S.K.: 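There's a structure below that I have some questions on.
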Amino acid sequence: MAHLRTVSLEESETPAVSTRRWWTLGTVALAQLMVVLDTTVVNIALPSAQQDLGFSNGERQWVITAYSLAFGSLLLLGGRLSDLVGRKRMFIFGLVGFASASALGGAATSFGMLIFARALQGALGAMLAPTALAVLTTTFVIPKERSRAFGIFGAIAGAGGAVGLLLGGFITEDLNWRWNLYINVLIAIFAVIMASFFVDKSRGVRPRPKLDLPGTILVSGGLFFIVYGFSNAETDGWGSPLTWGMLAGAVVLLCGFVLWQRRARHPILPLPIVLDRNRGASFVSVLIAGAGMFGIFLFVTYYAQSSLHYSPIQAGVGFMPMVVSLVVAAQLSTNVLLPKLGPKLVIPAGMVVACIGMVGLTRLGLDSSYATGLLPPLLIVGFGLGLIMPSAIQTATYGVDGEFAGVASALVNTSQQVGGSIGTALLNTLAATAATGYVAAHLPPSPEVMAQGAVHGYPLAYWWAAGFFAFGAVLTALLFRRRGIGPGLTSVQEDPGVAAVISAGTAGARQRRRVAAGDLGTLPL
């Protein structure tokens, strides 16, 4: 007969708090920085890599596309594996794998070897990124500390791309393009050592469910088709049959995925995770912010280097005030505004601020100065993103049972990746079309006309990006609940639906603790 002991209500509802949680945050921050940096430092290295390895302009896009295809299509699989295999184990595996793939890319002697390494990087990044966020989600359970941790994490997620531009500029000019990939190895070494000591193992007493293979194939294929479709639109245009064929295939596969999840015994993505209003609105917020952010990183980089003739280092330094603004807003939003006002006010406000900044960028011209032309809108957009990203990430992962923390975290990364693919394809196509039209109307195409044509195309992209954020402001204001769930916001009793979801998760966690303690007398048979 099993030994029985009484578990008090206070004990059963007290969440386990890691004594090394702030070291865990530092470890997760290193991993997140490595993944985010990689998306921009490689862009800076592309011209030098192309000259060294001798691949064509048409082939150049695959250095970016190979990574994004593998990363975007495997994120949900990576998130679910972290739930099934164990977060610490998956986290260290992702770190070692990502660093090894980066080293392979840095040592590439041919174009094919570089593309293989980039695809491998993307696949391992899809294992690492959602696991890192899941570790953070399950480590910080005290509301005030959780807000602080997510403020730091969100600031890194939003500012890492700009930091990558600066770092990539220094590395490319002072060292060698290969060090833009080797740098990941150095970061990973420190992160693996820290993870070994400071990341707790995820423990569970439930029987481990099986991996949903049909659901994995459907969602991975659907996400692959989405990313490939938008990447193809960027290169071959929106009139390409392949573009629309891929996007149509994505719709079919994702619809099939939803239908399968409704009947699967062990779904890879339980639909209630997405259908919760606050959580769904958070995923939409990350997607819209991801699409709009590329209006900054892509076109402002082009503008600074091509139109204002900045060096890569100067262009990177030019982004630093935006990073500072984003970090300040991230801390303000998660520690002060979100607990008091909730996501229904904070995130739409961030969308409005980012929209205003984008409109400011439309006024830039060939004779604009940095201090009076470029700096003010960068500061405004950075502040808006700092209000959106950390708040949306924190709300998206709040209240999720630990058993599904990985897949919920994967949805955050998936939303940002899909949003980035949409933003890159759509905004780049619009800007290129406008620039081509301007040059065609001002023949012959002298260098002055070409330069003016490029600047003529950027405002259209900024206007569309502003439109993304304006639409996001309206949509999120409608979607988020008036009294949203979040640290210090309101009691769950005010929303019966949310109360049921959280109660079920809390009851499940309480039941697992009782089983582990040998208290079997009160469990339903």
Side-chain angles (χ1 to χ4, degrees), residues 34-35 37-72 97-125 161 164-186 224 227-228 230-237 240 242-243 294 297-299 301-307 309-316 420-421 424-425 428-429 431-432 435-436 439 445 447 450-451 454:
M34 183 174 67
V35 174
L37 282 179
D38 191 77
T39 61
T40 48
V41 295
V42 173
N43 289 352
I44 296 291
L46 262 182
S48 299
Q50 182 177 1
Q51 183 177 6
D52 191 10
L53 299 180
F55 50 88
S56 66
N57 289 334
E59 294 172 325
R60 182 175 58 190
Q61 57 132 344
W62 283 102
V63 178
I64 306 300
T65 304
Y67 177 91
S68 61
L69 286 175
F71 184 75
F98 193 85
S100 300
S102 299
L104 180 65
T109 57
S110 67
F111 175 68
M113 184 176 175
L114 178 61
I115 296 304
F116 174 77
R118 289 290 289 162
L120 192 60
Q121 264 191 305
L124 273 302
L165 292 173
L166 175 61
L167 183 62
F170 276 108
I171 291 174
T172 303
E173 288 191 15
D174 296 339
L175 295 173
N176 184 283
W177 69 268
R178 297 179 184 275
W179 279 97
N180 286 283
L181 292 164
Y182 289 147
I183 190 68
N184 292 329
V185 179
L186 301 179
F224 179 92
V227 177
Y228 190 92
F230 283 110
S231 298
N232 192 74
E234 184 184 359
T235 55
D236 296 349
S240 169
L242 182 60
T243 296
F294 277 82
F297 293 131
L298 184 64
F299 297 106
T301 302
Y302 286 162
Y303 172 75
Q305 296 191 43
S306 301
S307 302
H309 306 293
Y310 286 5
S311 68
I313 293 178
Q314 289 175 320
S421 298
T424 301
N428 196 43
T429 301
T436 302
V439 173
M450 297 293 289

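Here the structure is a predicted model, which is why all the values come from computation and not from measurement.
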S.K.: So, using side-chain contact (heavy atoms from CB on, under 4.5 Å) as the criterion, who are the partners of S240 when residues are at least two apart?
M.R.: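 Partners of S240 under the side-chain contact (heavy atoms from CB on, under 4.5 Å) test: N232, D236, L242, T243.
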S.K.: Please answer whether the main-chain N or O of A304 pairs with a side-chain N or O of Y310 as donor and acceptor at a distance below 3.5 Å.
M.R.: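 Checked: no pair found.
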S.K.: Can you list the residues that meet the side-chain contact (heavy atoms from CB on, under 4.5 Å) rule with A123, with sequence neighbours excluded?
M.R.: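 Scan of A123 (side-chain contact (heavy atoms from CB on, under 4.5 Å), adjacent residues dropped) gives A70, L74.
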S.K.: Which distance, rounded to the nearest 0.5 Å, do you find between the CG of N184 and the CG of L124?
M.R.: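 Taking CG in N184 and CG in L124, the distance rounds to 11.5 Å.
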S.K.: Which heavy atom of H309 sits nearest a heavy atom of Q314, and at what distance?
M.R.: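 Taking every non-hydrogen atom into account, O-OE1, 4.3 Å.
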S.K.: Minimum heavy-atom separation for T109 to L53, with atom names?
M.R.: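 Here T109 and L53 meet closest at C-CD2, 3.9 Å.
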S.K.: Quick one: closest heavy-atom pair of S102 and Q121, and the distance?
M.R.: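 Residues S102 and Q121, closest heavy atoms: OG-NE2, 2.8 Å.
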S.K.: For L104, check side-chain contact (heavy atoms from CB on, under 4.5 Å) against everything at least two apart and list the hits.
M.R.: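 Only M113, F116, A117 meet the side-chain contact (heavy atoms from CB on, under 4.5 Å) criterion with L104.
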S.K.: Looking only at heavy atoms, what is the nearest atom pair of A431 and F299, with distance?
M.R.: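 So the two residues come closest at CB-CE2, 3.6 Å.
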S.K.: Return the set of residues passing ring-ring contact (aromatic ring centres under 6.0 Å, His included) with F71 (not counting sequence neighbours), or none when no residue passes.
M.R.: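 Listed in chain order: Y67.
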S.K.: Which class fits the ring pair F224 and Y228: parallel under 30°, tilted 30 to 60°, perpendicular over 60°?
M.R.: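 F224 and Y228: parallel rings.
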S.K.: Can you run down the salt bridge (Lys or Arg N to Asp or Glu O under 4.0 Å) pairs that involve residues 110-125, sequence neighbours left out, and say none if there aren't any?
M.R.: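 Non-adjacent pairs meeting salt bridge (Lys or Arg N to Asp or Glu O under 4.0 Å): D38-R118.
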S.K.: Under the rule for side-chain contact (heavy atoms from CB on, under 4.5 Å), what residues qualify as partners of A49, not counting sequence neighbours?
M.R.: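 Partners of A49 by the side-chain contact (heavy atoms from CB on, under 4.5 Å) criterion, ordered by chain and then number, come out as F55, W177.
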